[in-house]
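Remarks on the structure that follows.
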Amino acid sequence: MPNTPLLEVRHLKKYFPAATDFFGRTTAHVKAVDDVSFTIQAGETLGLVGESGCGKSTVGRTLIHLYQPTAGEILIQGQPAAQLAAAKQLSRTLQMIFQDPYASLNPRMTIGQILNEPLSLHQVVPKEERQEKIAALLSLVGLMPDHANRFPHEFSGGQRQRIGIARALAVNPKLLICDEPISALDVSIQAQIVNLLEDLQAELGLTYLFIAHDLAMVKHISHRVAVMYLGKIVEIAPSSELYDHPQHPYTQALLSAIPVPDPDAAAKLERIRLTGDLPAPIDLPAGCRFRTRCRYALPVCAEQEPPLAAIGPDHQAACHLPARPL
Ligand code: SF4
């Protein structure tokens, strides 16, 4: 089917119970993901950014059905992810790379055993070919075949993330959800992992959802970027368009906080400081969720929630203010 996105997310919601009454009935929810829609084409990288607690990691975990969606649809090449999950086929298409590679690797297993698990579970190659496949996976991520005999604690943080990537690639997935894959690493190692992910994308035709709070790194790796705030996507655009012409006041504030290496250039830039506290997710403001921290807030912002609407080719934002050049 031409032009069918590799991943299509329609009106996805993930609510967590936050309070119960005397009878144990849920009386309040945290709306971690609240009506989120986006697509990712095959071979594309979509960056998903926002402050801690905005729901971006919950999106990733709901996509792979670590969390059951509260509502909405997830389609993989047009096929419902729920069907694939029921048939235990979802993880053959969709894999996740976690923020803390050490916590996600069993310390009592050798790297060879760790990589053998998905190969054997999904019958990726015949048993007699698994050692060869493990060696190939390690080479693919820049490690040595004899690393298969070692344990996770014998590796550095960057090497452990390479092992996490090799494990995710074992089942030949089409889409990798990279959940803050470099946040726990030294700055000097972060670029190496990003370069590895880019090389693997070119070599294997992979598609990425790259979740991060580091906007500078997201710009480097992403074709398009979506910005989340309190469970909603507030702006989505091609990477260069979003960074050069951000329209949503929240995106503008996030971008203004990126450090600029040139002191003269930095002195000319306005740093937009967000005032006001981040609202409690259990008690969200009516209307626009960003209005308690927005320097442009209008009366209408307290009454009507702005829809995510087109403001240019392939550029959408959720704001009552008209689009303006910056
Ligand atoms: Fe600010 Fe209003 Fe736009 Fe929300 S809708 S971002 S409060 S101007």
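These figures come from a predicted structure and were not determined experimentally. Remember, it's 1-based here, ligands and their atoms both numbered in the order they're listed. Sequential numbering from 1 along the given sequence is applied to the chain's residues.
- In this structure, Tyr67 and Phe16 have perpendicular ring planes: the angle between them is above 60°, well past the 30° mark.
- With hydrogens and angles disregarded, no donor-acceptor distance shorter than 3.5 Å links the side chain of Arg224 to the backbone of Leu46.
- Atom 4 (Fe) of ligand 1 has as its closest protein heavy atom Cys288 SG, 2.4 Å.
- Between Leu140 and Leu204 there is a side-chain heavy-atom pair separated by less than 4.5 Å.
- The distance from ligand 1 to the heavy atoms of Pro249 drops below 4.0 Å at these ligand atoms: 6 (S).
- Residues Val227 and Thr251 form a side-chain contact, since some pair of their non-hydrogen atoms from C-beta on lies under 4.5 Å apart.
- Of all atoms in ligand 1, listed by their number and element, those nearer than 4.0 Å to a heavy atom of His320 are 3 (Fe), 5 (S).
- Counting only heavy atoms of the protein, atom 2 (Fe) of ligand 1 lies nearest to Cys301 SG, 2.2 Å.
- Interface of Leu321 with ligand 1, defined as ligand atoms under 4.0 Å from a residue heavy atom, comprises 8 (S).
- In this structure, atom 3 (Fe) of ligand 1 lies nearest to the protein heavy atom Cys319 SG, 2.3 Å.
- Proximity to His248 (heavy-atom distance under 4.0 Å) selects the following atoms of ligand 1: 6 (S).
- A single hydrophobic cluster is seen to contain both Leu137 and Val125, as judged by linkage of ILVMFWY side chains at heavy-atom distances under 4.5 Å, directly or through other members.
- The closest protein non-hydrogen atom to atom 1 (Fe) of ligand 1 is Cys294 SG, 2.3 Å.
- The ring pair (Phe, Tyr, Trp, His ring centres under 6.0 Å) with His248 is formed by just one residue from the set Tyr296, Phe290, Tyr229; it is Phe290.
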